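This is a predicted model, so every value here is computed, not measured. Computed from heavy atoms alone, side chains included, the values below leave out hydrogens, waters and symmetry copies. As the structure lists them, so they are numbered: ligands from 1, and atoms in each ligand from 1.
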Amino acid sequence: MSWGLKNRLARIVKPKTGHTVMLAVDHGYFMGPTTGLEKLDKTVNPLIPYADALMLTRGALRNYIAPDSDIPIVLRVSGGTSIIGKELLREGIIASVKDAIRLNASGLAFSIMVGSEFERDTLLGLAQVVDWGEEYGIPVLAVTAVGKELGGKDKDARYLALCCRIAAELGAHFVKTYYCEDFEKVVESCPVPIVIAGGKKLPEEDALKMAYEALQAGAAGVDMGRNIFQSENPVAMIQAVKAVVHEGATPDEAYEIFKEKKGAKAAARVK
Ligand code: R5P
């Protein structure tokens with residue numbers, strides 16, 4: 001790993017705790033105006049002070065995020081398909097490394113579709129992006145997709161460990177996957193840091209518990225989207241998640257933080 005690559009990775013995964021709170025707001029690349037992100041800047045700007053990195057597309061970055069922001073960017077560079085198209089999993093490269101450098105990206109994110117008929121294309125795509133990352137000193141986040149489309153394979157430790165290990169073997173510098181039972185097995189067999197996606201919106205208490213359990217099992221943090229920006233109070237929720245990730249707050253403590261921050265905002269409105 002070059003100095004530049006290590007330096008960029010240290011901007012995302014904070015050396016002080018070895019952990020990270022990444023905020024994923026890239027959903028529009030295949031889902032269009034996702035609930036909560038219709039006006040992405042309105043939702044995301046208040047969350048930026050609490051996030052360690054922002055994961056999004058180049059179009060969202062250019063249109064919604066101010067260029068004087070100092071939040072590290074993890075740029076989504078795979079896509080090209082949509083939820084209404086016929087080949088959702090047939091993602092390809094959607095942004096060049098030169099544009100990523102122009103955008104001062106701290107990381108590149110690429111989805112792999114292990115077990116799908118497009119597995120080979122996405123794994124070779126990841127390898128290509130890793131070559132760019134090595135050449136220009138930009139860490140690559142492999143995102144392991146899950147879902148019914150993947151031949152019925154879903155979130156079990158055996159499948160996710162397979163995906164994460166393949167991603168690391170192909171050179172990904174960190175991996176995003178989903179939390180599952182026996183998650184420590186996924187972490188143990190993956191030689192690079194793992195962050196978890198949040199998945200579909202859960203009650204806040206449950207999402208905090210999931211983050212806590214993932215950290216306890218050895219995850220380096222979260223790359224969470226809907227469970228933050230679709231929360232009834234996203235600013236309170238990201239602070240609660242941050243307490244779990246960086247301060248080791250238990251789910252109960254974190255939920256108290258959520259309620260307290262939510263309450264503080266409501267009280268400020270009444271004044
Ligand atoms: C997954 O492929 C994309 O990066 C998603 O947009 C993101 O991971 C979803 O995050 P969450 O599941 O926490 O909403």
Side-chain angles (χ1 to χ4, degrees), residues 12 20-38 40 43-44 47 51-61 64 73-83 85 87-95 105 107-116 118-119 122 125-126 129 140-150 153-155 160 163-164 167 172 174-180 194-204 206-211 214-215 219-231 234 237-238 240-242 244-245:
I12 302 165
T20 184
V21 176
M22 297 172 59
L23 177 62
V25 292
D26 59 328
H27 305 60
Y29 88 95
F30 73 108
M31 300 206 296
T34 308
T35 304
L37 296 180
E38 296 89 342
L40 192 144
T43 305
V44 171
L47 303 176
D52 296 316
L54 194 56
M55 178 193 188
L56 77 181
T57 60
R58 59 178 167 179
L61 182 60
Y64 293 117
I73 298 301
V74 177
L75 190 71
R76 171 161 282 284
V77 297
S78 72
T81 62
S82 83
I83 41 167
E87 296 182 320
L88 176 63
L89 302 180
R90 198 176 188 175
E91 289 190 4
I93 293 173
I94 57 166
L108 307 172
F110 193 95
S111 289
I112 56 172
M113 314 294 179
V114 177
S116 82
F118 307 112
E119 168 186 278
T122 61
L126 172 64
V129 172
V140 175
L141 175 71
V143 181
T144 72
V146 294
K148 285 192 281 296
E149 305 85 356
L150 292 166
K153 297 167 194 71
D154 209 344
K155 302 178 194 175
L160 295 178
C163 299
C164 292
F174 55 146
V175 177
K176 170 175 176 168
T177 193
Y178 288 81
Y179 182 67
C180 63
I194 293 185
V195 292
I196 60 152
K200 283 192 182 137
K201 172 75 176 69
L202 302 168
E204 279 77 3
D206 296 351
L208 292 167
K209 186 165 178 277
M210 178 173 68
L215 268 286
V222 301
D223 184 14
M224 198 175 260
R226 288 162 289 179
N227 276 293
I228 293 175
F229 66 73
Q230 291 177 349
S231 165
M237 185 58 179
I238 195 168
V241 171
K242 192 174 173 182
V244 170
V245 171

Any donor-acceptor pair under 3.5 Å linking the side-chain atoms of Arg76 with those of Ser111?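 Indeed, the side chains of Ser111 and Arg76 share at least one donor-acceptor pair under 3.5 Å.
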Which atoms of ligand 1 have any heavy atom of [X] under 4.0 Å away?
{"X": "Met224", "value": "13 (O)"}
{"X": "Arg226", "value": "11 (P), 12 (O), 13 (O), 14 (O)"}
{"X": "Val143", "value": "2 (O)"}

Evaluate the side-chain proximity of [Y] to [X]: yes if any heavy-atom separation is below 4.5 Å, no if none is.
{"X": "Leu89", "Y": "Thr81", "result": "no"}
{"X": "Ser78", "Y": "Thr122", "result": "no"}
{"X": "Val25", "Y": "Thr34", "result": "no"}
{"X": "Ile112", "Y": "Val143", "result": "no"}

Under the 3.5 angstrom rule, does the side chain of Asn227 hit a backbone N or O of Glu204 as a donor-acceptor pair?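 No.
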Counting only N and O atoms by type, is there a donor-acceptor contact under 3.5 Å from the side chain of Arg226 to the main-chain atoms of His27?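 Looks like no, no N/O pair under 3.5 Å.
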Can you list the residues that meet the salt bridge (charged side-chain N to carboxylate O under 4.0 Å, His left out) rule with Glu87, with sequence neighbours excluded?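 Per chain and number, Glu87 pairs via salt bridge (charged side-chain N to carboxylate O under 4.0 Å, His left out) with Arg90.
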Below the 3.5 angstrom mark, is there an N/O of [X], backbone or side chain, next to an N/O of ligand 1?
{"X": "Gly225", "answer": "yes"}
{"X": "Tyr178", "answer": "no"}
{"X": "Gly198", "answer": "yes"}

Considering only protein heavy atoms, which is closest to [atom], and at what distance to one decimal place?
{"atom": "atom 1 (C) of ligand 1", "answer": "Arg76 NH2, 3.9 Å"}
{"atom": "atom 5 (C) of ligand 1", "answer": "Asp26 OD1, 3.5 Å"}
{"atom": "atom 8 (O) of ligand 1", "answer": "Lys176 NZ, 2.4 Å"}
{"atom": "atom 9 (C) of ligand 1", "answer": "His27 NE2, 3.2 Å"}

Roughly how far, to the nearest 0.5 Å, is CG of Asp223 from CD1 of Ile194?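 These two atoms lie 13.0 Å from each other.
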Just to be sure I'm reading this right: ignoring hydrogens, which of Ser78, Ala109, Gly199, Ala24 gets closest to atom 11 (P) of ligand 1? Compare them by their nearest heavy atoms.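 Among Ser78, Ala109, Gly199, Ala24, the closest heavy atom to atom 11 (P) of ligand 1 comes from Gly199.
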How does Met55 reach ligand 1, by side chain, by backbone, by both or by neither, if only non-hydrogen atoms under 4.0 Å count?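 Just the side chain.
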With the threshold set at under 4.0 angstrom, would you say Ala145 reaches ligand 1 through any of its heavy atoms?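 No, Ala145 has no heavy atoms under 4.0 Å from ligand 1.
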